[in-house]
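A quick write-up on the structure given underneath.
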Amino acid sequence: MFFSTSVPTRLRSPAPHTTAFSPARHPVGSPLVLTGRIHDDTGRGVRGVSVQVRRSDNGGTVRAGTSTVVTVTTDDDGCFTIATITPAPYQIPADGPTGWFIANEGWNPWRPAHLHVTVKAPRMRTLTTRLYFRRDAWIRHDAPAKAILDPRPGVGGIDRATIDFTLERSTSPGSGA
């Protein structure tokens, strides 16, 4: 099942000092299947792990309680599959305090397309991260190499990407899910 998505009526324009946004360079809304495996620090798959993925809609907005959020549970081998839509890059405000910070740091107000991922299991440390996309022009400042997905074209025009996560055992009571 794919997240539902709406087609944006317009995309916000970048600030005057930035490169123009080009839908041809930044396709939005293409189907994506993300697969992976959650394992512990010994390499064993972890069963029953909650994997939550949040993404922006095609306009670059994340709305709580909408279909832009999905949670799945890993199987007996620690494997999961999530069907979603590739998120859109989006622009953060380029005025006020945020604009001042962006200008003083020499940054661009465009944030690369990314997925927010939270991985939780009982007696394990919760892992929260963002995953970025190799072909996104905006990743140069935001994305560590380990967090870059490289989706490959699949059957029926559905891109596929794979990512594995290692969960560490918790040393404190009450942590994890």
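With hydrogens and angles disregarded, no donor-acceptor distance shorter than 3.5 Å links the side chain of R169 to the backbone of R125.
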_Audit row: V51, I82, side chain to side chain contact (heavy atoms under 4.5 Å, CB included) steps and yes/no_ = CA-CA 9 Å; V51 180; I82 293 177; 4.0 Å; yes

*Going through the checks in order, is the salt bridge (charged side-chain N to carboxylate O under 4.0 Å, His left out) test met by D159 and R152?*
CA-CA 5 Å; D159 290 344; R152 300 293 180 189; over 6 Å; no

_Could you walk me through whether V49 and T73 satisfy the side chain to side chain contact (heavy atoms under 4.5 Å, CB included) test, starting with their C-alpha distance in whole Å, then the side-chain angles of each, then the deciding distance to 0.1 Å, before giving a yes or no?_
CA-CA 5 Å; V49 175; T73 303; over 6 Å; no

*Going through the checks in order, is the side chain to side chain contact (heavy atoms under 4.5 Å, CB included) test met by R130 and V117?*
CA-CA 6 Å; R130 286 178 285 190; V117 180; over 6 Å; no

*Test side chain to side chain donor-acceptor pair (under 3.5 Å) applied to T74 and R47, step by step*: CA-CA 6 Å; T74 58; R47 178 180 158 273; over 6 Å; no

*Can you check side chain to side chain contact (heavy atoms under 4.5 Å, CB included) on L34 and I163, steps first, answer last?*
CA-CA 7 Å; L34 179 64; I163 187 86; 3.8 Å; yes

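Side-chain contact check for T86 and S30: at least one donor-acceptor pair (N or O, by modelled atom type) lies under 3.5 Å.
Residues D164 and R37 share a closest heavy-atom pair of OD1-N, 2.9 Å. Residue I85 comes nearest to R55 through the heavy atom pair O-CD, 3.0 Å, listed as atom of the first residue, atom of the second, then distance. Listed here is the closest heavy atom pair of Y90 and H114: OH-CE1, 3.3 Å.
Here L32 contributes atom CG and L149 contributes atom CG; the two are 7.5 Å apart, rounded to the nearest 0.5 Å. Atoms NE2 and CD, on H116 and Q52 in that order, are 10.5 Å from each other to the nearest 0.5 Å. Once rounded to the nearest 0.5 Å, the distance linking CD1 of I148 with CG of D150 reads 9.0 Å. H39 contributes atom NE2, which lies 10.0 Å from atom CZ of F165 (distance to the nearest 0.5 angstrom). Within the model, atoms CZ of R111 and CG of D136 stand 10.5 Å from one another, a figure rounded to the nearest 0.5 Å. One distance of note links OG1 of T128 with CZ of R54; it measures 8.5 Å at 0.5 Å rounding.
Listed by chain and number, the residues in a side chain to side chain donor-acceptor pair (under 3.5 Å) with T162 are T35 (sequence neighbours excluded). Remark: T81 engages no residue in a side chain to side chain donor-acceptor pair (under 3.5 Å) (not counting sequence neighbours).
Taking the six-membered ring wherever Trp is involved, the centroid distance between the rings of Y132 and W138 does not fall below 6.0 Å.
Two residues are said to be in side-chain contact when any heavy atoms from C-beta on lie closer than 4.5 Å; L167 and I38 meet this criterion. Between R135 and P151, some side-chain heavy-atom pair lies under the 4.5 Å cut-off.
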Pairs under 3.5 angstrom only: tabulate donor-acceptor contacts from the side chains of residues 92-100 to other protein residues two or more places apart or in another chain.
none

